[in-house]
J.: 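Structure in structure tokens, see below.
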Amino acid sequence: MEDTSKTGNDGIALKCEGLTKLYTSGLIRTKTVVGARDVTFDIKRGEIVSLAGESGSGKSTVARMILRLIKPTSGDIALNGRSIYSYNIREYYRQVQAVFQDPYSAFNPFYIVDHVLERAFGLREDNLNRDERSKIIRSTLESIGLNPSEVLGRYPHELSGGQMQRLLIGRSLLIGSQLLIADEPTSMIDASTRAGVLNLLLSLKKEKGLSVLFITHDIGQAQYVSERVIVMKQGEVVEQGPVDEVFTRPQHPYTKELLAAVPTLYERWKECS
Amino acid sequence: MIGMWELLLRSRKFMIGLAVLVILILLGTVGPFLLGDPYYMDLSLMGRPPSFAHILGTTSFGEDVFTQLCSAIGNSLVVGLVAGGLGTLIAILVGAVGPYRGGLADKISSLATNLALVLPLIPLFIIIASVVRGLNLVLIGVILAVTSWPWAARSIRSQVLTLKEREFVNLARMSGQNSVQIVVTEVLPNMLAYIMMVFVILTGTSILAESALSMIGVSTTRTITLGYMLYWAQHETTVPFWWNIWWWFIPPGIVLTALLTAIFVIHAGMDEVFNPRLREI
């Protein structure tokens, strides 16, 4: 927040404008599938924004475009006021990192988990020796509530989903990124460890001013972590605004549907008509 | 991954195959040093049956069959290893890097694979043998490699296509790594077991292919390989001796069978350990 005046762009970390991704297949009779269409939103520094919607609504497509893993068909994405394609790869990934949905596929089963953390140092500008690196890794892991001796030197299949997601968050901290794209980070881990990951994101936001794009299909989690929410359906943004406003007075029928679909405790589920 | 190697050492198939292979490798490497010149002809000893002086008898040129057999094993293994190693390398290169880059690179590598897949080996060798003077073992290995990689490249390609969709590839990309680094450090290690199996099977099939080509006389006719022994045995024994000189063609036949069986059994043992569908744990 404090360097807003320096960059002079109203504290906006990431801005997407008219982001569109069309997948075409076939040579003669082309078939077009809309991944995302005309998606416009921004994320301020130190803000957690939720991107909600059902499966196939284009949430992950948007995440992948922001992460430069796929190229948008049209539209602009700007990081700190500059097009993300004007950064070189290392410079960009030093600032933007991600946590993926499936922790079991995010770690290469061939290596112990240290591999991923060691790799992260390749993005840092300082050349640390082995001892310094391991010291930083240990202190980072401790700061996010992991016991280094419990996770380091182990293979991915020996860890729980929650531990792995924390490791990935730790990785982005090692890199020192300002924006974290969290693509359904809690959907494949145990319900009991879910709150831990969500609270970690909240505390990082508070302590380090981390901006997070929190992608979820769970309205409850969106409400818990974020200030603002963007609702997507079939590749398009149907509604966005402050969480309380969107969820208490939904304007779009799809948002109403989503809210109605949230199961509640101590209440019988109604038969779907 | 470490558990895999232990399982491999416990696999009976793998260990039996390996034991036979090691014995043959010892015969092929140590034998020639101890036994002297395999081409030495003692014309006073033509077509002698097995005896104490000549364990496997002599050929109709008076050469010692056992001495020749040891050299033949060594040379056949050299051809097999050159062809297997090089063929595996080509298969990895075409099968992994091409599809990883996608687009034109993938199209070109697929086209090359399909073209090489239909390349007929025997007519090719007949042409090469008639044109190239002084075919040597390494050259034959190279030619065999050039014709043997396509099926392996295809299956490596399909594995790379699924592996590259895994998130750890994206994570490596977001650690600032380029495509080649990602293929080498993230994708290929996961296929290490498969690549070893490709190497083993390519080595085996190359030994067999070289023997087949030698037997019809289009491979090297100056260096002893198992096929070369069979070629001269059938060439020289058909008319004058036939069954009388059985000790000339039965040993290389048995050794060739044992060698290939060992290699295929090793492959089967590896398959049982590395292929989760066949694993019995």
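Nothing here was measured: the structure is a model prediction, and the numbers come from that model. Naming convention: chains lettered A, B, ... in sequence-line order (proteins, then strands); numbering from 1 in each chain.
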J.: Taking Arg64(A) first and then Glu167(B), would you say they form a salt bridge - that is, a charged N and a carboxylate O separated by under 4.0 Å?
T.: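 Salt bridge present between Arg64(A) and Glu167(B).
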J.: Below 4.5 Å from any heavy atom of chain B, which atoms of Arg171(A) appear? Answer side chain, backbone, both or neither.
T.: side chain
J.: Is there a side-chain contact between Leu171(B) and Val116(A), using heavy atoms and a 4.5 Å cut-off?
T.: yes
J.: To the nearest 0.5 angstrom, please state how far the CZ atom of Arg173(B) sits from the OH atom of Tyr93(A).
T.: 7.5 Å
J.: Any heavy-atom pair between the side chains of Pro156(A) and Phe168(B) that's under 4.5 Å?
T.: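 No, too far: nothing below the 4.5 Å cut-off.
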J.: Mind checking whether Asn108(A) and Pro189(B) have side chains closer than 4.5 Å, heavy atoms only?
T.: no
J.: Is there a donor-acceptor pair under 3.5 Å between the side chain of Gln97(A) and the backbone N or O of Met174(B)?
T.: yes
J.: State, to 0.1 Å, how close Ser105(A) and Arg166(B) come at their nearest heavy-atom pair, and which atoms those are.
T.: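 Between these two residues, the closest heavy atoms are CB-NE, 3.8 Å.
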J.: Return the CD to CD1 distance between Gln177(B) and Ile89(A), rounded to the nearest 0.5 Å.
T.: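 Reported value, rounded in 0.5 Å steps: 12.0 Å.
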J.: Can you tell if the side chain of Tyr111(A) reaches within under 4.5 Å of the side chain of Thr185(B), non-hydrogen atoms only?
T.: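 Yes, close enough: below the 4.5 Å cut-off.
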J.: Answer yes or no: is there a donor N or O on one side and an acceptor on the other, between the side chain of Ser175(B) and the main chain of Arg119(A), under 3.5 Å?
T.: no
